[in-house]
Amino acid sequence: MLNNKALVFGCGLLIFIVACALLAPWISPHDPYFQDLTNRTVPPFWYEKGSWLHPLGTDQLGRDYLSRLIYGARISLLIGISVAIISGLIGTTMGMLAGYFGGRIDMAVSFLVTTRLSMPVILVALATVALVGSSLWIVIMVLGLLKWDRFAVVMRSATQQVRSMEYVSAAQSAGASTLRIMLTEVLPNVMPHLIVIATLEAASAILLEAALSFLGLGVQPPLPSWGLMISEAKSYMFFSFWLIAIPGTALAVLIFSINLAGDGLHQALTPGERA
Amino acid sequence: MTIDSNEIVLDVQGLTVDIKTPRGVLHVVRDISLQVKRGETLCIVGESGCGKSITSLSMMGLLPKTATRNSRVFNFLGEDIARADKRRINDLRGNRMAMIFQEPMTALNPAYTIGDQLTEHYRHHKHASAEQARVRAVALLEKVGIASAAERLGQYPHQLSGGLRQRVMIAMALMCGPELLIADEPSTALDVTIQAQILRLLADLQAELGIAMVLITHDLGVVARIANRVAVMYAGQIVEEGLTKDIFAAPQHPYTQGLISCIPIPGRTIPGGKLGTIPGVVPSLIGEIKGCAFKDRCSSAQERCSGDIPLRHTAHGQQWRCILEHQEVAA
Amino acid sequence: MLGYISKRLGLAVLVAMTVSIIAYMLLYLSGDPALAIAGEGARQADIDMVRKTYGFDQPIIVQFGNWVLKLISGDLGTSIYFKTDVGPLIFSKLVTTMLLALYALAFALVISVPLGVIAAIYKNSWIDRLCLAVAVVGQAMPNFFFALILIMLFSISWRMLPVSGSDTWQHFVMPAITLGYYAAPAFMRLIRAGMIEVLEADYIRTARAKGLPTRTVVFKHALRNAIVPVVALAAVQLGFLLGGSIVIETIFALDGLGYLAYQSITHKDFPVTQVIVLLLSVIYILLTLASDIANAWLDPRIRVA
């Protein structure tokens with residue numbers, strides 16, 4: 001397992017980010033919401049005018065950027081995990097039901113998936129948030145209720161494969177109830193696929209939230225969502241490029257680590273994919 | 001099956017092929033030599049895994065990237081093709097030397113018509129026009145016994161049966177008028193009745209066109225039907241070689257004797273009698289094999305078999321690698 | 001083949017109908033649409049007038065029915081914000097967005113096909129790993145961030161391309177690149193996987209045995225078979241590109257459907273929003289249908305059954 005470079009590197013990076021997010025109150029040099037208008041747009045320490053007081057500089061309202069970055073990780077991770085869980089629950093249930101029972105249930109689920117796929121997520125999410133109101137939890141709910149399609153599709157085919165295995169027929173003939181079979185026989189065996197999809201959907205959710213916040217219809221200020229930070233810094237972009245570069249790079253690194261870990265997981269769980 | 005000239009079309013001496021695997025280096029072909037003359041059919045016969053397919057692929061230069069090939073002599077019509085560059089090999093392939101494979105169902109590209117696949121290499125090698133190629137394709141399809149040849153050109157592979165596809169493969173191989181045809185188990189994947197037809201077709205074509213043919217098979221029945229000469233392969237080596245009639249009448253190597261005893265031969269095998277078996281398994285091809293590879297399964301094995309094995313021959317040209325000398329074998 | 005098409009068409013119609021219901025229902029997400037339109041702090045009389053004008057006082061089924069009937073007869077409603085008919089408003093922008101999506105798709109394919117083929121031929125070598133690394137990095141970058149970087153480089157530093165507007169083809173370059181690069185890795189992986197599988201096939205060995213030059217073997221024989229799933233993906237991706245154009249168009253102020261969607265959503269312009277959601281969904285459904293048909297047609301085994 002440790003030979004799997006993608007897994008090791010990806011997970012390592014991810015764990016580092018998670019740790020930073022969890023330890024935010026202790027490792028942030030300043031309060032991410034504290035505005036110091038006398039110290040606006042101070043550049044990071046590697047610039048001439050920068051200093052170690054604000055290692056990554058300050059934004060247009062004088063807030064310490066490093067602190068905002070670290071707290072922003074919390075938001076992104078929270079979004080990623082929550083959306084993955086919600087959409088995972090919905091999609092996995094639908095997929096497993098469709099794959100296990102087949103027939104009409106399968107047709108119904110497939111129809112729902114096709115319908116959901118026909119609708120552009122970001123458009124519907126935007127419209128919903130605009131109408132219902134925008135906040136962190138609304139974004140999570142909306143994305144969670146929209147992004148279950150991949151789970152449904154993959155869990156359906158994984159369940160179909162597992163269903164034809166002998167240990168399922170064995171359990172059936174032993175008289176186990178359907179729910180019991182699904183939970184004890186099917187679920188553990190489709191778990192690898194579930195985890196891989198969950199990582200992909202988490203990454204996608206993080207990017208979606210960043211895009212929504214960037215457009216002003218996601219997390220609201222003064223929360224330090226990385227997407228929102230980029231949006232707020234847009235007009236200062238030309239003179240203070242780091243204001244968008246830092247959160248942008250952070251997003252890229254986070255997504256990269258999640259994708260890498262997911263890739264590594266996929267390789268580890270399906271041997272023979274790529275040497 | 002007449003031999004009308006003595007020109008040697010393919011001359012291979014000391015061919016070895018090694019394949020790198022995660023478990024080690026597989027010595028798949030270990031120092032074999034063979035020659036094929038014009039108008040002659042040489043059959044290479046052996047069980048699965050003896051290296052006969054790899055031998056045929058190495059003749060065409062179609063070995064996988066993990067394989068390394070070495071030889072003392074590797075001449076095609078007198079030209080050294082071991083040292084030939086990629087362009088020269090491509091010039092010869094499909095043009096002067098052609099190959100047909102075992103699985104006709106998958107050997108043709110499902111996305112293109114029969115006509116397209118028949119003519120593309122002809123147009124490439126001979127710089128022919130589409131019309132010229134079409135005419136030749138129709139002629140060859142008729143020659144291999146396919147009716148409504150012109151219509152077939154517009155059809156796709158999935159519209160043809162296995163036997164028809166193999167005939168198309170043969171026509172395809174003959175398009176550029178090659179001097180050497182290599183056939184890797186051409187009839188194995190087909191129904192028994194079709195097998196006989198394909199083999200007859202190959203024999204007839206060879207007689208008419210005078211091409212040299214190397215036919216790989218595991219089936220001694222095929223050998224008896226079509227081969228002038230036969231080379232018996234075991235564990236990467238040719239253990240016996242000679243004229244078909246000599247080999248069947250008086251096989252010298254214990255392995256060959258074992259093979260022949262395994263098949264019922266009309267007129268020779270006593271009804272109700274026992275068919276022979278060869279006990280044991282083929283040795284691993286990883287690492288060096290000292291002496292004779294067959295010694296663990298041979299009923300005549302002695303201590304000498306672990307040392308150098310002499311190459312024996314008769315005046316007729318029959319050769320075998322064994323410590324045993326020539327025997328007049330009882331029926 | 002004809003039976004296949006009619007079955008898929010039937011399903012498409014069903015999905016479109018369902019989507020139209022959902023699109024209409026979006027209106028009710030805010031609770032009381034009359035309140036949303038009238039705005040917060042509006043007087044009760046104003047709210048009631050809005051309700052009557054837009055017909056919100058009628059049962060939902062009736063409202064939906066009216067909407068559908070109007071759609072079919074060509075009346076797409078009136079924009080609250082722009083105060084013009086929705087129909088002409090949308091279709092003028094649709095062309096822009098379709099162009100953008102096509103350019104983006106073209107860009108994605110132009111970089112992903114060669115990379116995928118090369119990665120497959122040199123499987124597991126450093127070239128392969130490099131291509132995959134490019135793919136992974138490409139997918140990690142948020143598209144709006146990438147857009148800003150491009151603007152910094154091409155508009156500010158090098159002054160080669162315009163930042164916003166949609167008048168000339170140059171206005172489409174950066175948006176197309178930004179929109180397309182995200183789709184490229186998916187194509188690249190698909191082509192790589194497809195090529196690797198196809199290159200192992202028996203018919204490739206036959207092609208090589210015929211002495212055909214390598215480029216013929218790779219492009220005529222291998223790619224032709226490996227590309228089939230790519231066509232299906234291309235149609236699907238085109239649908240996603242259309243949806244994803246919202247963010248890109250807004251950044252570049254490209255006057256297309258996405259930008260219009262953003263404007264109408266932020267101004268709570270229901271009639272426009274509903275029609276856009278429905279329109280994009282229908283386009284996506286048609287694209288999926290087209291891709292299924294193209295798939296079937298590309299495989300002679302289905303076409304000439």
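None of the values given here were measured: they were computed from a predicted structure. Residue numbers start from 1 in every chain, and the chains themselves are labelled A, B, ... in the order their sequence lines are given, proteins ahead of strands. As a basis for the values below, the full set of heavy atoms in this structure was taken, side chains included, without hydrogen atoms, waters or symmetry mates.
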Item checked: Region of M169(B) in contact with chain C, defined by heavy-atom distances below 4.5 Å -> side chain
Note to self: Can you tell me which of E120(B), M172(B), M60(B) forms the most heavy-atom pairs within a distance under 4.5 Å of chain C?
What the structure shows: E120(B)
Notebook entry, point to check: What part of L57(B) is in contact with chain C, defined as an atom under 4.5 angstrom from a non-hydrogen atom: side chain, backbone, both or neither?
Noted result: side chain
Check: Between D116(B) and K220(C), is there a side-chain N and carboxylate O pair less than 4.0 Å apart?
Finding: yes
Check: N109(B) and side chain to side chain contact (heavy atoms under 4.5 Å, CB included): which partner among D202(C), T206(C), V198(C), N225(C)?
Finding: N225(C)
Checklist line | Pairwise distance CZ(R123(B)) to CG(L212(C)) - rounded to 0.5 angstrom | finding: 12.5 Å
Margin query: Between K210(C) and A98(B) (side chain of the first, backbone of the second, donor and acceptor by atom type, cut-off under 3.5 Å), is there such a pair?
Written below: no
Notebook entry, point to check: With a 4.5 Å limit on heavy-atom distance, are the side chains of P157(B) and Y203(C) in contact?
Noted result: no
Next item on the list: Could you look at Y112(B) and say if it's the side chain, the backbone, both or neither that has a heavy atom under 4.5 Å from chain C?
Entry: side chain
Notebook entry, point to check: What part of A201(C) is in contact with chain B, defined as an atom under 4.5 angstrom from a non-hydrogen atom: side chain, backbone, both or neither?
Noted result: neither
Check: Take atom CD in E79(B); do more than 12 heavy atoms of anything else shown fall under 6.0 Å from it?
Finding: yes
Check: Rounded to the nearest 0.5 Å, how far does NE2 of H121(B) lie from CZ of R208(C)?
Finding: 16.0 Å
Next item on the list: Sort A107(B) into side chain, backbone, both or neither according to what part of it lies under 4.5 angstrom from a heavy atom of chain C.
Entry: both
